[in-house]
J.: 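Here it is, the structure in full.
Computed from a predicted model, the values in this text were never measured in an experiment. Residue numbers begin at 1 in each chain, while the letters A, B, ... track the order of the sequences. Any value given below was found using the heavy atoms of this structure, including those in side chains, with hydrogens, waters and symmetry copies removed.
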Amino acid sequence: MKYKSQKIAYQFFLLAMLLFVLQIIYGFIMGFAHMGYDVLHDFIPFNTAVTTHKNLLVVWILAGFMGSAYYIIPDESGQELWSVPLAKLQFWSFAIVGVVAVAGFHVGWWEGRKFLEIPRPLDYLVAGNVILFLVIILMTLLKGKQTTTSWVLTMGLVFAALLYLPGMIYFDNIAVDSFFRWWVVHLWVEGVWELIMGGILAYLLIKLTGVDREVIEKWLYVVVGLTFISGILGTGHHYYYTGGPSYWLMIGGIFSALEPLAFLAMTIFAIQMYRKGNKKHPNKLALYWTLSTAIVSFLGAGLLGLAHTLPGVNLYTHGTLVTAMHGHLAFWGAYASLILAIISYSMPLMTGRNIFDNRIGHLAFWCSNIGMIAMTAAFAAAGVAQVYLERIAGYDFMTTAIEIQPHFFVLIVAATLFTTGIVLFIINFFKFGKPTDEALQTEEAFEALKTV
Amino acid sequence: MLSKKQAKIFFLGGTILFMLIFIGMSVHSLMVGIPENTNDSEIDDQVKLGKLIWEEQNCMGCHTIMGEGAYYAPELTRVYSRRGETYIHAVLTAPEGWGFRGRRMVKYDFTEEEVAGLIAFLKWMDKTELNGFPAAPSLPPPSPAH
Ligand code: HEM
Ligand code: HEM
Ligand SMILES: [Fe+2]
């Protein structure tokens with residue numbers, strides 16, 4: 001760590017970990033409900049559980065992004081954060097709005113619009129909070145040294161905020177509502193969030209491999225270029241069957257089928273840089289998580305996205321558990337793992353404790369990744385069975401749902417392995433203790449490892 | 001070899017170009033395509049009320065409509081023609097909450113006006129043109145011999 005103000009990242013990471021645990025608990029509630037044990041129905045009906053599960057996911061990932069930006073931007077621009085008191089204010093207001101939103105879901109204070117359930121009055125607070133966050137980041141960035149990595153990261157954050165706005169307008173026609181909902185959801189995860197992901201990955205690769213910044217940043221441009229060239233028109237894969245004109249079948253089909261290329265490029269980029277690098281950085285755990293992000297995002301988003309993105313396939317899989325299969329591995333590989341990577345990288349530097357390569361850390365890595373892949377397989381089995389029974393053979397929904405219950409037993413077993421991994425990760429997280437100014441010099445020690 | 005500057009032009013140029021195309025197509029979809037496919041002019045006050053309740057109650061947190069939502073309860077895009085008005089009315093007014101083979105729906109205290117709104121909304125939805133979704137099952141029903 002070079003600057004005292006980078007320590008603010010810790011609070012965001014801590015919040016992210018707490019919300020992540022809560023998210024998982026709601027996952028189990030739904031897993032059991034799907035298996036036939038909807039025992040909490042009277043207190044937490046399924047729609048409350050699903051909304052809480054998804055929004056906690058989004059909020060903890062955003063907390064992770066914010067923490068990452070607070071850690072990375074001072075380092076990249078070569079100076080302290082513009083204002084630490086404002087950053088603290090931003091943290092607490094973010095945390096409070098998040099907690100109020102989640103609590104509200106339990107008393108029916110929500111808007112039933114998948115992923116955007118946060119009610120409008122709170123939306124304004126979210127928007128205000130994010131503006132404050134962006135001001136702090138931009139002021140820091142503009143005052144200091146400007147690198148491609150920090151610009152890509154910041155542009156991702158700015159556009160993510162802008163794209164939230166169309167999701168706040170009310171429409172009487174649900175198809176129009178849905179049209180703009182995808183401007184948020186799709187253009188986030190398959191657009192601007194990939195910019196954030198590219199920026200954070202590039203930063204991690206520069207630090208961990210020692211490869212020349214110019215080389216890494218050149219490929220960063222190529223990766224994010226591919227993202228937008230395919231991903232913007234790729235939005236069409238959500239417009240096939242939701243009221244849009246039929247030309248989206250063709251346009252959405254072609255361009256969304258190209259989206260995996262961006263993820264593939266990200267994978268090749270990370271692996272190549274690792275191979276070119278000097279492999280001397282002691283933080284093996286951070287390197288594992290960085291590479292797994294690049295690889296698993298390709299599997300979950302790229303390959304499993306491709307599996308159901310062509311209109312002929314999507315006609316049958318649209319709105320089934322096949323979608324949930326893809327949603328889990330994509331979010332895990334691309335965004336959850338990314339946050340765990342930057343946490344693994346930055347915690348030793350913020351706290352001065354060198355937990356780089358310990359047993360628990362590796363166990364956490366393997367349990368969570370294998371657990372999530374197994375969960376994906378369980379969702380896949382349930383989803384494919386659902387498609388054949390309900391959509392192809394024509395059995396009704398509940399007949400199908402009862403038939404596929406056993407797959408949710410498998411899901412719960414896999415989820416237990418996954419959760420074990422996450423708990424171990426969090427144990428390690430607490431082992432680091434709190435960040436301290438005494439850690440200010442730690443980065444220097446690794447700087448010397450650079451070969452190029 | 002590609003230089004960093006060329007890579008940057010590739011990124012900026014590609015993004016701007018495809019963003020413009022996307023915005024153009026979106027304007028067309030919003031002005032022409034969606035209103036036509038969804039009979040926008042037939043959205044009356046009852047349908048609007050139904051849509052509002054659909055959102056307030058977060059029905060999408062269990063069901064899908066146009067294939068969007070959660071996967072805990074049936075797809076409702078074509079429920080109006082599948083089940084008919086009487087059945088839907090019974091579901092929405094079940095005193096203990098609709099329960100169907102072990103899976104329970106939340107218990108609601110809708111007024112008759114609200115129920116009528118939801119039914120109008122589902123009836124409107126039933127007539128939307130969604131490029132062939134939901135598809136008819138491609139297999140014939142199992143023969144009685146088995
Ligand atoms: C990191 C990137 C990605 C994430 C986090 C992600 C996540 C998700 C999620 C959560 C959904 C469900 C959305 C909903 O129904 O509300 C979804 C749907 C979908 N995704 Fe992705 N996705 C990613 C990338 C991709 C890519 C690259 C492709 C295509 C190659 C793709 C294809 C699809 C398709 C076709 C659907 C619609 C499924 C349906 O019709 O029900 N996704 N994605
Ligand atoms: C113990 C772990 C977990 C379990 C048991 C679990 C289970 C579930 C279940 C049953 C659903 C609802 C499917 C439906 O609508 O019927 C769901 C939705 C979802 N979960 Fe999880 N989940 C877990 C962890 C996670 C994690 C770690 C992530 C992200 C990294 C995640 C992301 C999502 C997303 C994006 C959806 C919405 C998917 C869609 O509607 O297409 N879940 N989860
Ligand atoms: Fe998408």
J.: If I measure from the heavy atoms of chain B, does A/Phe397 come under 4.5 Å with its side chain, its backbone, both, or neither?
T.: side chain
J.: Look at A/Asp177 together with A/Arg113 and state whether they make a salt bridge at an N to O cut-off of under 4.0 Å.
T.: yes
J.: Check whether the ring centres of A/Tyr26 and A/His106 lie less than 6.0 Å apart, and answer yes or no.
T.: yes
J.: Output the option from B/Val32, B/Val106, B/Leu17 having the highest count of non-hydrogen pairs under 4.5 Å with chain A.
T.: B/Val106
J.: Regarding B/Arg104 and A/Asp42, does a basic nitrogen lie under 4.0 Å from an acidic carboxylate oxygen?
T.: yes
J.: Using a cut-off of under 4.5 Å for heavy-atom pairs, which of A/Gly383, A/Gly394, A/Gly244 has the most such pairs with chain B?
T.: A/Gly244
J.: Count the heavy-atom pairs under 4.5 Å between each of B/Gly67, B/Gly14, B/Gly33 and chain A, then report the option with the highest count.
T.: B/Gly67
J.: Checking side-chain polar atoms at under 3.5 Å, does A/Asn55 have a donor or acceptor matched by the opposite partner on A/Glu117?
T.: yes
J.: Please state whether the side chain, the backbone, both or neither of A/Tyr388 comes within less than 4.5 Å of a heavy atom of chain B.
T.: neither
J.: Sequence neighbours excluded, which residues qualify as side-chain hydrogen bond (donor to acceptor under 3.5 Å, both in side chains) partners of B/Asn37?
T.: none
J.: Just give me the residue among B/Thr128, B/Ile43, B/Leu30 that pairs up with chain A most often, heavy atom to heavy atom, under 4.5 Å.
T.: B/Leu30
J.: Does atom OH (A/Tyr37) have a neighbourhood of more than 12 heavy atoms from anything else shown, all under 6.0 Å?
T.: no
J.: Do B/Arg103 and B/Tyr72 meet the cation-pi criteria used here (NZ or CZ under 6.0 Å from the six-membered ring centre, within 45° of the axis)?
T.: yes
J.: Suppose the criterion is salt bridge (Lys or Arg N to Asp or Glu O under 4.0 Å): which pairs have a residue in residues 233-244 of chain A, not counting sequence neighbours?
T.: none
J.: Heavy-atom distances under 4.5 Å only: say whether A/Val222 touches chain B with side chain, backbone, both or neither.
T.: both
J.: With a 4.5 angstrom heavy-atom cut-off, which part of A/Ala33 approaches chain B: side chain, backbone, both or neither?
T.: both
J.: Heavy atoms only, distances under 4.5 angstrom: which of A/Phe105, A/Tyr247, A/Tyr239, A/Trp183 has the most pairs with chain B? Name it, please.
T.: A/Tyr247
J.: Let me know if B/Leu2 has heavy atoms under 4.5 Å from chain A in its side chain, its backbone, both or neither.
T.: both
J.: Give, as side chain, backbone, both or neither, the part of B/Thr15 having an atom under 4.5 angstrom from any heavy atom of chain A.
T.: both
J.: Could you check whether A/Gln146 and A/Trp151, counting side-chain N and O atoms only, form a donor-acceptor pair closer than 3.5 Å?
T.: yes
J.: Report yes if the distance between the aromatic ring centroids of A/His318 and A/Tyr240 is under 6.0 Å, otherwise no.
T.: no
J.: Highest number of heavy-atom pairs under 4.5 Å with chain A: which of B/Met125, B/Lys107, B/Glu36, B/Met105?
T.: B/Met105
J.: Compute whether any side-chain donor of one residue and acceptor of the other, for B/Ser29 and A/Trp248, lie under 3.5 angstrom apart.
T.: yes
J.: Looking at B/Glu55 and A/Arg120, is there a salt bridge between them, counting it only when a charged N and a carboxylate O are closer than 4.0 Å?
T.: yes
J.: Which bit of A/Leu226 comes within less than 4.5 Å of chain B, counting heavy atoms only: side chain, backbone, both or neither?
T.: both
J.: Pick from A/Asn173, A/Val50, A/Thr400: which one has the most heavy-atom pairs with chain B under 4.5 Å?
T.: A/Asn173
J.: Any chance NZ of B/Lys8 has more than 12 other-residue heavy atoms, nucleotides or ligands included, within less than 6.0 Å?
T.: no
J.: Name the region of B/Leu12, side chain, backbone, both or neither, that has any atom closer than 4.5 Å to a heavy atom of chain A.
T.: neither
J.: For chain A, which of B/Lys5, B/Lys48, B/Gln6 has the most heavy-atom pairs under 4.5 Å?
T.: B/Lys48
J.: Are more than 12 heavy atoms, taken from residues, nucleotides or ligands other than A/Phe255, located less than 6.0 Å from that residue's CZ atom?
T.: yes
J.: Could you look at A/Leu187 and say if it's the side chain, the backbone, both or neither that has a heavy atom under 4.5 Å from chain B?
T.: side chain
J.: Relative to chain B, which of A/Tyr395, A/Phe228, A/Tyr241, A/Tyr316 shows the most heavy atom pairs under 4.5 Å?
T.: A/Tyr241
J.: Do you know which of A/Glu111, A/Glu217, A/Met398 has the most heavy-atom pairs with chain B at a distance under 4.5 angstrom?
T.: A/Met398
J.: Please classify the contact between A/Thr48 and chain B as side chain, backbone, both or neither, with a heavy-atom cut-off of under 4.5 Å.
T.: neither
J.: So for A/Leu389, is it side chain, backbone, both, or neither that comes closer than 4.5 Å to the heavy atoms of chain B?
T.: neither
J.: Can you tell which of A/Ser178, A/Pro245, A/Ala393 has the highest number of heavy-atom pairs within less than 4.5 Å of chain B?
T.: A/Pro245
J.: Counting neighbours of NZ on B/Lys4 that are heavy atoms of other residues, nucleotides or ligands and sit closer than 6.0 Å, is the number greater than 12?
T.: yes
J.: Go through the atoms of A/Trp109 and report whether side chain, backbone, both or neither lie under 4.5 Å from a heavy atom of chain B.
T.: neither
J.: Counting only non-hydrogen atoms closer than 4.5 Å, does A/Phe171 touch chain B with its backbone (N, CA, C, O), its side chain (CB onward), both, or neither?
T.: backbone
J.: Between B/Met25 and chain A, with a heavy-atom cut-off of 4.5 Å, which part of the residue counts as in contact: side chain, backbone, both or neither?
T.: both
J.: Less than 4.5 Å to any heavy atom of chain A: does that hold for the side chain of B/Gln57, its backbone, both, or neither?
T.: backbone
J.: Heavy-atom cut-off 4.5 Å, strictly under: side chain, backbone, both or neither for A/Asn314 against chain B?
T.: neither
J.: Between A/His34 and A/His407, do the side chains contain an N or O donor and an N or O acceptor separated by less than 3.5 Å?
T.: no
J.: Check whether the side chains of A/Ser256 and A/Thr309 place a donor and an acceptor atom closer than 3.5 Å, and report yes or no.
T.: yes
J.: What residue pairs, at least two apart or across chains, pass salt bridge (Lys or Arg N to Asp or Glu O under 4.0 Å) with a residue in residues 228-245 of chain A?
T.: none
J.: Could you look at B/Ile34 and say if it's the side chain, the backbone, both or neither that has a heavy atom under 4.5 Å from chain A?
T.: both
J.: Given a strict heavy-atom distance threshold of 4.5 Å, which part of B/His63 is in contact with chain A: side chain, backbone, both, or neither?
T.: neither
J.: Please identify, among B/Phe121, B/Tyr71, B/Trp124, the residue contributing the most non-hydrogen atom pairs under 4.5 Å to chain A.
T.: B/Tyr71
J.: How would you list, in number order, the residues of residues 73-92 of chain B that have a heavy atom less than 4.5 Å from chain A?
T.: B/Ala73, B/Pro74, B/Glu75, B/Arg83
J.: Quick one: what part of A/Thr320 sits under 4.5 Å from any heavy atom of chain B, side chain, backbone, both or neither?
T.: backbone
J.: Can you name the nearest heavy-atom pair linking A/Gly31 to A/Phe408, along with the distance?
T.: O-CB, 3.9 Å
J.: Please confirm whether A/Lys54 makes a cation-pi placement over A/Phe115, using NZ or CZ under 6.0 Å from the six-membered ring centre and within 45° of the ring normal.
T.: yes
J.: CG/A/Asn47 to OG1/A/Thr52 distance, rounded to the nearest 0.5 angstrom?
T.: 9.0 Å
J.: Tell me, yes or no, whether the heavy-atom count around A/Glu403 atom CD, taken from other residues, nucleotides or ligands under 6.0 Å, exceeds 12.
T.: no
J.: So for B/Met19, is it side chain, backbone, both, or neither that comes closer than 4.5 Å to the heavy atoms of chain A?
T.: both
